Every structure is written in C-alpha cells, then in structure tokens.
Visitor: 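Quick one: the structure is below, and I'll ask about it shortly.
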Protein chains: 2
Amino acid sequence: MAKPIKKLPVLPIERAIRTISGRWKAVILYHLLNGPKRLSELSKLIPSVSQKVLVQQLRELEEHGLVNRAVFRQVPPRVDYSATELGLSLEPVMLALCDWGQRHAVALDEIDRLVDCVVRPVNAGRGSTTVGGD
Amino acid sequence: MAKPIKKLPVLPIERAIRTISGRWKAVILYHLLNGPKRLSELSKLIPSVSQKVLVQQLRELEEHGLVNRAVFRQVPPRVDYSATELGLSLEPVMLALCDWGQRHAVALDEIDRLVDCVVRPVNAGRGSTTVGGD
DNA sequence: GGCCATACTTACCAACAGGTCTGTATAGGA
DNA sequence: TCCTATACAGACCTGTTGGTAAGTATGGCC
C-alpha cells in the first residue's frame, strides 16, 4: 500500500471527511461501489465532471487507499478503477451521510427533489436512483 | 429558519459532507455536542484555531442550521453557541465517520495515536478523549 | 499515413479557503 | 480616563482547488 502523498489529518473524523470531501469524490465512489469502472465509463456516468478533475480525484482516492487502479496491457488503453475493501467499508457511512443530508434538506425546506439514498442495487430492478452531481 | 447564504449541493451526501467539511467544523461541532459554549470557551478548547476562522465557521454552521447562536444583552458581551436538534442528529454520523477514520489510519499504517471516538460524555469520568485538531 | 479509442498530462486562470494582524464596540470598575 | 473582558469585523496575503483548453502516447485498422 503506497503512502498517500497528500497528508491526511490525524484526527479520525477529520481524516474520514478529508478522504471523501473533494469535488465529485462521493459521486465517483458511489459508482465504484457498484463495481469496477473504466475512466470512460465514469465520464459517461458523471457527464459534468472534467477529465482532469476526474483523473485527479481518482488518483487521490487511490492514494488514500479507497480505490484500486488496474492497468491492462492493451490498446486502446484500459484502466479499471474499483473500490478497495477499505473503500467498500465506507458504504454504511455514506448511507448515513446521505440520510442525514436528506433530513437536512427537509429541515431547511430545500426539498426540490428527494434523491433516494441507494448506493448498491437492491435487486435486478435498477430503480429510480440517479446520481450525477448537482 | 433563515435561508443559508452559502448554497449547498442538491445531492444529499454532498450536502451533508459540505456542512461539516470546513476547517475545524467537526471539532467545533464535537464540542457543542457536549453543551452550549461561548466563543471564548471554544477558543480555549481549540487553541490552534484563529479567531477569524472560528467565528466564520460558527456563522456557517449557524446558517446551515446545525448551530444556534444566542446573544445576551450584557457586558462583557456574551454569546452562546449550541447545537440545534439538527446538529445533534449528526452525532451518530460523526461517530461513524470517526470509526471509519480510525479504520482508515490503521489500514494505511498511520496509527501514531489512536484517538477515541467519543462525542458525548459516557459518564462522570471525563476520560482520556482529547480533540484539538491535528 | 490517417483515423480511432482510451487514458492520461500540461499550462493557465479564477475562485475559494484559511490564516495573520489590526482595529472596533459595549458597559463596568478603579 | 484607562483598563478589563468578550465578541466580533476588516484588510491583506498565501496556498489550494476546480475547471477550460490543448496536447501526448499506445497499437490496431483501413
């Protein structure tokens, strides 16, 4: 496991928040919780993210041990990004955050559209969940 | 409930993360979970925070409905900051984040010192928990 | 050789975040 | 009047972050 280049806080809660608080990180992780993805796939799933920032955040997530990057020797180039065990362990935390975020929106009367907090497929029916950033 | 000036993301998880991800916010909230505090108290509890940022973050937490600010008509000026019901509801989420943050530090072999994840007094004995930022 | 698909990298810039330092306001007490 | 305690506000600066736009590398196919 390579040492993260970007130093993380010592305080556990600050550390946790820092690993997932960069732009698009939560969205990226959400998609990777559903299985490995290529860069091009993630680009299509998150249309509003710039190539540069997508790569940047993936690299950071990788550095912090949440994401694994698998390079295939082929052309066109193929790189698979997948959530590590550590990354997968964030799922309940992300769910808790999502639930609270909904509660927050309701409390502040800012419920334009209530997005379901589903980070894994519950069954074959993909459902109505859409995550693409705000 | 006043509308927050700083617009929050629509996506619930991004919204949640944004409300607690500013500098010192988690630490500030941690202290307010233990009861109302004055600015000077918070300054003493978190020695490394600058006056300006402390006030700024408290104002943001207030704007986002997590913190209540009570002004007393007296001199010296007295202002009490306390966690709102919404803010208090963050406790389990913060605990989950803290637990995960510890797990993360262990997984990356960065366990200098394991800080306990206690956000409320468990009993009369205050214990060994210390939160002051990194 | 040109085109394709994929996965990046680089230069540049605007906006933002956090911090230092200085100053202001209030009433009470010596 | 000066000092005290408390709670800010404002000017300024540095470093970071997110994004736009353009470019590079690889091998396969026509």
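When reading the values below, keep in mind they use all heavy atoms of this one structure, side chains included, and skip hydrogens, waters and symmetry mates. Here is how names work: the chains are called A, B, and so on, in the same order as the sequence lines, proteins then strands, and each is numbered from 1. As the structure is a computational prediction, the values presented were derived from the model and not from experiment.
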Visitor: Let's see if you can work this out: which of D:dA5, D:dG19, D:dA9 has an atom nearest to the side-chain heavy atoms of B:V75?
Guide: D:dA5

Visitor: Between D:dG19 atom P and A:I46 atom CD1, what is the distance in whole Å?
Guide: 11 Å

Visitor: Would a 4.5 Å heavy-atom cut-off, applied to side chains only, mark B:K37 and B:I28 as touching?
Guide: no

Visitor: Whether A:Y81 contacts C:dT6 is assessed here as follows: a side-chain N or O lying under 4.0 Å from the phosphate OP1 or OP2. Is that the case?
Guide: no

Visitor: Could you tell me which non-hydrogen atom of B:G65 sits nearest to which non-hydrogen atom of B:T84, and how far apart they are?
Guide: O-OG1, 2.6 Å

Visitor: Where each residue is assigned the nucleotide of DNA chain D containing its nearest heavy atom, which of B:V55 and A:E60 is assigned the position nearer the 5′ end?
Guide: B:V55

Visitor: Would you say a side-chain N or O of B:R23 is under 4.0 Å from OP1 or OP2 of C:dG19?
Guide: yes

Visitor: Base, sugar-phosphate, or nothing for A:E41, non-hydrogen atoms under 4.0 angstrom?
Guide: nothing

Visitor: What's A:V53 touching, base or sugar-phosphate or nothing? Going by heavy atoms closer than 4.0 Å.
Guide: base

Visitor: Just to confirm, is there a sub-4.0 Å distance from OP1 or OP2 of D:dC8 to any side-chain nitrogen or oxygen of B:R69?
Guide: yes

Visitor: Between atom CZ in A:R18 and atom C1' in C:dA17, what is the gap in whole Å?
Guide: 11 Å

Visitor: Separation of B:L39 atom CG from D:dA9 atom P, in whole Å?
Guide: 10 Å

Visitor: Nearest nucleotide by nearest heavy atom, which residue falls closer to the 5' end of DNA chain C, B:S21 or A:V71?
Guide: A:V71

Visitor: Measuring from atom CD of B:E14 to atom NZ of A:K25, what distance do you get when rounded to the nearest 0.5 angstrom?
Guide: 12.5 Å

Visitor: Could you state the atom-to-atom distance from CG of A:L58 to P of C:dT6 in whole Å?
Guide: 16 Å

Visitor: Once you round it to whole Å, what is the distance between C1' of C:dA7 and CD of A:Q74?
Guide: 11 Å

Visitor: Looking at B:Q51, I'd like to know whether one of its side-chain N or O atoms comes within less than 4.0 Å of OP1 or OP2 on C:dT22.
Guide: no

Visitor: Check the distance between D:dT6's C1' and B:L42's CG and give it to me in whole angstrom.
Guide: 13 Å

Visitor: With a 4.5 Å cut-off on side-chain heavy atoms, are B:D99 and A:V93 touching?
Guide: no

Visitor: If I compare all heavy atoms of A:H104 with all of B:L86, which pair ends up nearest, and what's the gap?
Guide: CD2-CD2, 3.5 Å

Visitor: At their closest point, which heavy atom of B:L29 faces which heavy atom of B:M94, and how far apart are they?
Guide: CB-CE, 4.0 Å

Visitor: Verify the contact: side-chain N or O of B:R38 to OP1 or OP2 of D:dA7, cut-off strictly under 4.0 Å; return yes or no.
Guide: yes

Visitor: Within the structure shown, what part of the strands sits under 4.0 Å from B:S40 by heavy-atom distance: base, sugar-phosphate, or nothing?
Guide: sugar-phosphate

Visitor: In whole angstrom, give the distance that lies between atom CD of A:E14 and atom P of C:dG18.
Guide: 11 Å

Visitor: In whole Å, I'd like the distance from the NZ atom of A:K52 to the P atom of D:dG19.
Guide: 8 Å

Visitor: Between C:dG19, D:dT6, D:dC8, which nucleotide gets closest to the side-chain atoms of B:P76?
Guide: D:dT6

Visitor: What's A:R73 touching, base or sugar-phosphate or nothing? Going by heavy atoms closer than 4.0 Å.
Guide: nothing

